[in-house]
Enquirer: 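Once you've had a glance at the structure underneath, I'll fire off some questions.
Computed from a predicted model, the values in this text were never measured in an experiment.
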Amino acid sequence: MKIEQLSLTIEGKLLLDQLSFEIPQSSLFVILGPNGAGKTLLLRCLAGFREPSAGQIIRDKESLAWVPLSQPLPFGFRVRDVLLMGRFRQHQGYPSSRDFEMIAGAAARLDIAHLLLRSYNSLSRGEQTKVDITRAVASESSLILFDEPFSNLDIDASLHMIDLFKDLQRSGKTLILSHHDLYSVRNLATHGLLMKKGQVVTHGPIDEVFQPSWIQKAYNVKPVFGGDDSLRFEKM
């Protein structure tokens, strides 16, 4: 996926300003930046939910899955039904044994098989997030976009998701996610983008992006890397 001079104006306010970068295929790409940087707006443009005011997004012809921040659904769908919705491209309203096998396998992989007959709206936010991610995995999409996928997860679930995302990336899928936890970035991503106030600070392989000078420019804090690969921050 290639983004060229992408800008987005809403109600006369420029929120994304001439963004240009590339997302390699089969990468795990994180969009980083402080609150208000435009991470979610950019992600929604990449997913096709918002039309840029200028510039273009050059996408490969690949199936896409979207994982938003969890929120209640307007109807009382069971978890199994929510997972089947993720495979609508395949079954077109007439699910087969293959569809049920795929959602059962994905549910087992993410340890939510015990939730299949529960109402989605009865679940905790963390459980809803797991269901949303399971739906994307079951869809067999080659491109998956996540909006802050770790926000509602506890530490154990977050570590499990990091392993899952790495497995998906190694299997050839492209994952794009907005992310706010700088402590886990180097253990998670292959590539990334740093944003500030709707503009690109830097982008590229994560080891090039996750450098003290770029982090300081984006977040206005001083990152201190320890010899044991630890990370802490100091005020400027």
Side-chain angles (χ1 to χ4, degrees), residues 1-71 73 85-86 88-89 128-129 132-133 135-137 139-152 161 165 168-169 172-182 185 188-206 208-210 214-215 217-219:
M1 182 184 294
K2 192 172 184 180
I3 293 82
E4 296 181 342
Q5 298 295 305
L6 184 149
S7 294
L8 178 66
T9 300
I10 299 177
E11 297 180 353
K13 186 174 183 179
L14 181 63
L15 300 177
L16 298 177
D17 185 10
Q18 297 186 354
L19 307 183
S20 293
F21 60 97
E22 190 166 350
I23 300 174
Q25 280 193 316
S26 302
S27 63
L28 210 168
F29 191 96
V30 293
I31 302 172
L32 302 165
N35 291 336
K39 301 186 295 293
T40 295
L41 280 176
L42 171 58
L43 199 65
R44 292 184 68 84
C45 287
L46 299 181
F49 296 129
R50 277 196 175 273
E51 188 69 26
S53 305
Q56 61 179 338
I57 301 170
I58 303 172
R59 299 182 182 88
D60 297 314
K61 293 183 178 179
E62 52 189 352
S63 53
L64 181 151
W66 165 252
V67 181
L69 281 170
S70 63
Q71 56 186 338
L73 297 175
M85 291 176 196
F88 186 81
R89 174 173 52 89
Q128 288 176 351
T129 296
D132 295 338
I133 294 173
R135 185 186 68 242
V137 172
S139 75
E140 297 184 280
S141 298
S142 54
L143 172 64
I144 309 177
L145 296 93
F146 304 85
D147 189 9
E148 299 283 3
F150 299 99
S151 293
N152 298 314
M161 287 303 167
F165 289 175
L168 292 172
Q169 180 263 323
K173 298 184 186 298
T174 303
L175 283 70
I176 307 171
L177 53 145
S178 59
H179 194 52
H180 67 274
D181 179 14
L182 294 182
V185 167
L188 171 65
T190 63
H191 295 74
L193 166 73
L194 259 176
M195 298 179 64
K196 184 177 183 179
K197 295 181 179 178
Q199 296 182 323
V200 171
V201 174
T202 189
H203 63 91
I206 200 62
E208 297 177 11
V209 169
F210 208 69
W214 295 124
I215 297 171
K217 184 175 181 179
Y219 289 91

Enquirer: Check whether any side-chain heavy atom of Val209 lies under 4.5 Å from a side-chain heavy atom of Val185, and answer yes or no.
Expert: no
Enquirer: Is any side-chain heavy atom of Thr202 closer than 4.5 Å to a side-chain heavy atom of Lys217?
Expert: no
Enquirer: Examine distances only and state if a side-chain atom of Ser178 and a backbone atom of Ile31 form a donor-acceptor pair shorter than 3.5 Å.
Expert: no
Enquirer: Quick check: are there more than 12 heavy atoms from other residues, nucleotides or ligands sitting under 6.0 Å from NZ of Lys196?
Expert: yes
Enquirer: Identify the heavy atoms of Leu19 and Met195 that sit nearest to each other, and give their distance.
Expert: CD1-CE, 4.1 Å
Enquirer: Do Phe146 and Leu43 make a side-chain contact, defined as non-hydrogen atoms from C-beta onward lying under 4.5 Å apart?
Expert: no
Enquirer: From the options Ile176, Leu41, Leu143, select the one residue that forms a side-chain contact (heavy atoms from CB on, under 4.5 Å) with Leu46.
Expert: Ile176
Enquirer: Are any non-hydrogen side-chain atoms of Leu177 and Leu188 less than 4.5 angstrom apart?
Expert: yes
Enquirer: Is any side-chain heavy atom of Gln169 less than 4.5 Å from a side-chain heavy atom of Thr190?
Expert: yes
Enquirer: Using only atom types and a distance under 3.5 Å, with no angle test, would you say the side chain of Lys39 pairs donor to acceptor with the backbone of Gly33?
Expert: yes
Enquirer: In the structure I gave you, are the side-chain heavy atoms of Thr40 and Leu69 within less than 4.5 Å of one another anywhere?
Expert: no
Enquirer: Classify the ring geometry of His179 against Phe150: parallel below 30°, tilted from 30° to 60°, perpendicular beyond 60°.
Expert: perpendicular
Enquirer: I need the single residue from Glu4, Lys2, Gln5 that forms a side-chain hydrogen bond (donor to acceptor under 3.5 Å, both in side chains) with Ser20. Which is it?
Expert: Gln5
Enquirer: Shortest non-hydrogen contact from Leu14 to Ser7?
Expert: CD1-CB, 4.2 Å
Enquirer: Which pair of heavy atoms, one from Ile206 and one from Ala189, lies closest together, and at what distance?
Expert: CG2-O, 3.4 Å
Enquirer: Knowing that exactly one of Val30, Leu42, Leu32 qualifies, which makes a side-chain contact (heavy atoms from CB on, under 4.5 Å) with Leu193?
Expert: Leu42
Enquirer: Tell me, do Trp66 and Arg44 make a side-chain contact under 4.5 Å, heavy atoms counted?
Expert: yes
Enquirer: Supply the atom-to-atom distance Ile144 CD1 to Phe165 CZ, rounded to the nearest 0.5 angstrom.
Expert: 8.0 Å
Enquirer: If every non-hydrogen atom of Ala218 is compared with every non-hydrogen atom of Val201, which pair is closest and at what distance?
Expert: CB-CG2, 4.2 Å
Enquirer: So, do Pro149 and Met161 sit near enough that their side-chain heavy atoms are less than 4.5 Å apart?
Expert: no
Enquirer: How would you list all residue pairs meeting side-chain hydrogen bond (donor to acceptor under 3.5 Å, both in side chains) that involve residues 22-31, not counting sequence neighbours?
Expert: Gln25-Asp60
Enquirer: Can you tell me how far the CH2 atom of Trp214 sits from the CG atom of Leu194, to the nearest 0.5 Å?
Expert: 9.0 Å
Enquirer: Under 3.5 Å, side chain of Arg135 to main-chain N/O of Val67, donor-acceptor pair present?
Expert: no
